[in-house]
Structure formats: structure tokens, C-alpha cells
2 protein chains.
Amino acid sequence: MNRDFAGLLHQTGLKATHSRISVLEIIADRDAAISQPTLEKMMGDEVDRVTLYRILKTFEEKGIVHKVIDLHGTANYAICSSQCSVHEHHDEHFHFNCTNCDKVYCLNDLHLPAIQIPQGFVTSSVSLSITGVCKNCNQQS
Amino acid sequence: MNRDFAGLLHQTGLKATHSRISVLEIIADRDAAISQPTLEKMMGDEVDRVTLYRILKTFEEKGIVHKVIDLHGTANYAICSSQCSVHEHHDEHFHFNCTNCDKVYCLNDLHLPAIQIPQGFVTSSVSLSITGVCKNCNQQS
DNA sequence: TACATAACGCAATAATGTTGCATTTTATTA
DNA sequence: TAATAAAATGCAACATTATTGCGTTATGTA
């Protein structure tokens, strides 16, 4: 994982502020997508809540992170793979939602066979979401 | 589609109130899942907002409707197929999200090949969500 | 170091979701 | 059909989540 967050921000025409770099550090340190509420708690007083909303929105627009809505309708964020760009995100997203710890794992290496959809419908992206219990939580019990 | 909503409610041990029947009528009349906000608007003054929340929650618990979270994190509701029961909902849900009209279509007839997930992860349900433009919206443009 | 602009923090407001409690409705049975 | 118990509703209050406007601060550049 590239750790030159300032460089990454500059590449996309964004200023490298402390807040933005902190957010990137937290997101990048995870093996799973992080929820907006969790992120908010972790940032604490370091960043205003409104600023966090704006940072995440900007990151998403610039293709730096991607947003995944979990089972409960909560937004989760993960660093985009290199395949994502500003204009074209990778169009297949696979995630695993753990019902125990609520983590969202990106399963980017999966590949799905072609899906037959009804006549007249046009697909732009496909998202597969698996619910269950993750490796960590299984081991603990 | 069974239209004996009072009977359906009695079967599950619920009282057949005007509000509940209205909600069922609206949901059943659709070819797609309906969002909570849309439902709220359609009910207008007929049902209190709090009551609507409670009705939907109860319906979901009893297996009368199922909830689908759409792209935006908004709850959408659709009548459960006969395969759903109180204790065991059908564990594969396939939906199509239209980015133009925001409707959510249930694609219940699709079948997915087995999915290989990483070691240690246990699957309880699978949900496939396709984003694009629906038949209606394609015809209009 | 000075400057223009982007980004931030704060306050206010909107939208969404939840809880407690008094009142009303429903289904039942006398 | 009237009386009754339990369930469901409506209202008020509150909690949480998300958005907007605007003055101030930080960033990158010349």
C-alpha cells in the first residue's frame, strides 16, 4: 500500500491537510472498510464532524476511496484499488459483512460469471454482498 | 398476489388495522420495492410517521415484507415471496437499483452459482445488487 | 513573506429514527 | 350487542445523522 498520502492528494488536485491525511491513514490501516461512525469516533476532536463528511465526499468524488453501504444502511469507506480512477470506478464490488463485529471486508479477488438480467434493463455495476461471520469472530468463539 | 391482507395479518397473529392494510395495499401494488420516504409521502396524514416505522418493523419481523437497503442507504420494502417464513427468510436476494427513478426491483428468479469465499468465513446469506437503468426509464429516453 | 484559494470550524437547520405514555382500536366473549 | 383486555396508534419529546452558510484558518505558490 502506497503511504505517500500527501502525494496522492496532490495528484488529484487536493490540498494535503492534516485532517485528510489522518483520515487516509486510518482507512488504509484496516483490512476492512471502516464505517463513518467508527471513523468519527476515532478522529474524535481532531476533525470536526462536518469536515469529515466533506472529506469523505471529496475522496469519493475523486476516486480515492469508495463507499459501501452495509446491511444497516451505514456508509463504510475503503481505499480504492489502483483499478479505480476519477471517472471510472471498478464496476464490480464484492463485500463480506460480518454480523458479529460489523466489519465490511472487500473481496476484490472474486470473479462472478455473467448474470442474466431481464430484457430492457441496462447494467452499469454489480455488487455482491455476503453476510455471515468473519474469520476473526469465528476463531474467538 | 393474495389480496386478503386481513387474513394474512391474522395468520401471523397481528391485528388487521386500517393502517396496516393500507401499507400492505401500497406495497403490493408495486412492481418494485418501495422506499420508506415514498411510502411516508403516500400515506400522508393517514398514518403517523412513528406508526409507519413500527408497522414496517413488525412486518419485517413477522416475515410479511422484507427490507432492502438501496445504494443510498435508504430502506426499501417489498412483499415477501411465499418462500419466506417467520423464522427463515429466503437467503438469497437479488435486486436491481435504477439510478434514474430510484426504484428497486426484486429479481427473485435469478440463480447464482456457488461462490468461493475465503477460509474461515461463514456465509449466512448472499445479496446481489445490480445498478443501472430499468426498462421503464430506458423506454422513456 | 505575501497572496489567492481551498479547506476548515462553528452555528443553525433539516432530515431521519427512537422512546414513553395516554388514548383509541381491535378481537373476543359474555 | 355491550363489556373487556390487549394490541396498536398518535403525540410529544428527544436522539442521531446529515446538510448549508459563512467567517476564519491553512495550504501551496509566486
Side-chain angles (χ1 to χ4, degrees), chain A residues 4-27 33-62 64-65 67-77 86 102 104, chain B residues 4-27 33-62 64-65 67-77 86 102 104:
Chain A
D4 177 18
F5 297 129
L8 176 63
L9 290 166
H10 289 146
Q11 274 170 42
T12 51
L14 297 175
K15 292 189 175 173
T17 66
H18 296 310
S19 308
R20 283 178 178 159
I21 290 171
S22 294
V23 171
L24 285 177
E25 280 172 352
I26 293 176
I27 297 181
I34 186 170
S35 74
Q36 203 277 342
T38 303
L39 200 44
E40 202 174 307
K41 273 170 211 138
M42 290 182 73
M43 301 294 295
D45 288 340
E46 196 181 338
V47 180
D48 187 78
R49 214 162 62 86
V50 176
T51 301
L52 182 55
Y53 275 107
R54 290 198 268 231
I55 287 176
L56 292 170
K57 194 182 176 192
T58 307
F59 282 2
E60 204 196 347
E61 285 166 0
K62 296 289 183 180
I64 296 172
V65 301
K67 173 156 76 168
V68 194
I69 301 292
D70 72 14
L71 297 171
H72 313 291
T74 304
N76 285 253
Y77 295 89
V86 180
D102 276 332
V104 180
Chain B
D4 177 18
F5 298 127
L8 175 62
L9 289 167
H10 288 146
Q11 273 170 42
T12 52
L14 298 175
K15 292 190 174 174
T17 66
H18 297 309
S19 309
R20 283 176 177 162
I21 289 170
S22 295
V23 170
L24 285 177
E25 279 171 352
I26 294 177
I27 297 181
I34 186 170
S35 75
Q36 203 276 343
T38 304
L39 200 43
E40 203 174 307
K41 275 170 209 138
M42 290 181 72
M43 301 295 294
D45 289 340
E46 196 182 336
V47 180
D48 186 78
R49 212 164 58 87
V50 176
T51 302
L52 182 54
Y53 275 105
R54 290 197 268 230
I55 287 176
L56 292 171
K57 193 181 176 194
T58 307
F59 282 2
E60 203 197 347
E61 285 165 0
K62 295 291 184 179
I64 295 172
V65 301
K67 172 155 76 168
V68 193
I69 302 291
D70 71 15
L71 298 172
H72 313 291
T74 304
N76 284 255
Y77 295 89
V86 180
D102 276 332
V104 179

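Naming: A, B, ... by sequence-line order, numbering from 1 per chain. Note that the structure is predicted; figures quoted are calculated from it, not measured.
Residue contacts for A/S19: at a heavy-atom cut-off of 4.0 Å it reaches the sugar-phosphate backbone alone, with no base atom in range.
When the C1' atom of D/dT24 is taken as reference, atom CG of A/D48 falls 13 Å away, rounded to whole Å. D/dT19 atom C1' lies 14 Å from atom CD of A/E40, rounded to whole Å. The interatomic distance linking A/K62 (NZ) with C/dA6 (C1') rounds to 11 Å, in whole Å. Look at CZ on B/R20: it is 11 Å from P on C/dT26, rounded to the nearest Å. Atom-to-atom, CD of B/E46 to P of D/dA8 comes out at 18 Å; the value is rounded to the nearest Å. The separation between B/Y53 atom OH and D/dA12 atom C1' is 16 Å, rounded to whole Å.
Distance check: A/M43 CE to A/T51 OG1 gives 9.5 Å after rounding to the nearest 0.5 Å.
Between B/R49 and C/dT16 there is no side-chain N or O to OP1 or OP2 distance below 4.0 Å. The side chain of A/T17 places no N or O atom within less than 4.0 Å of a non-bridging phosphate oxygen (OP1 or OP2) of D/dA26.
Side-chain to base pairing of B/R54 with D/dG10: one donor and one acceptor N or O lie within less than 3.5 Å of each other. Under 3.5 Å, the side chain of B/K15 and the base of C/dT25 form no donor-acceptor pair of N or O atoms.
Heavy-atom distances to DNA chain D give each of B/V50 and B/L14 a nearest nucleotide, and the one nearer the 5′ end belongs to B/L14.
Among all heavy-atom pairs drawn from B/I34 and B/M42, the shortest one is CD1-SD, 3.8 Å.
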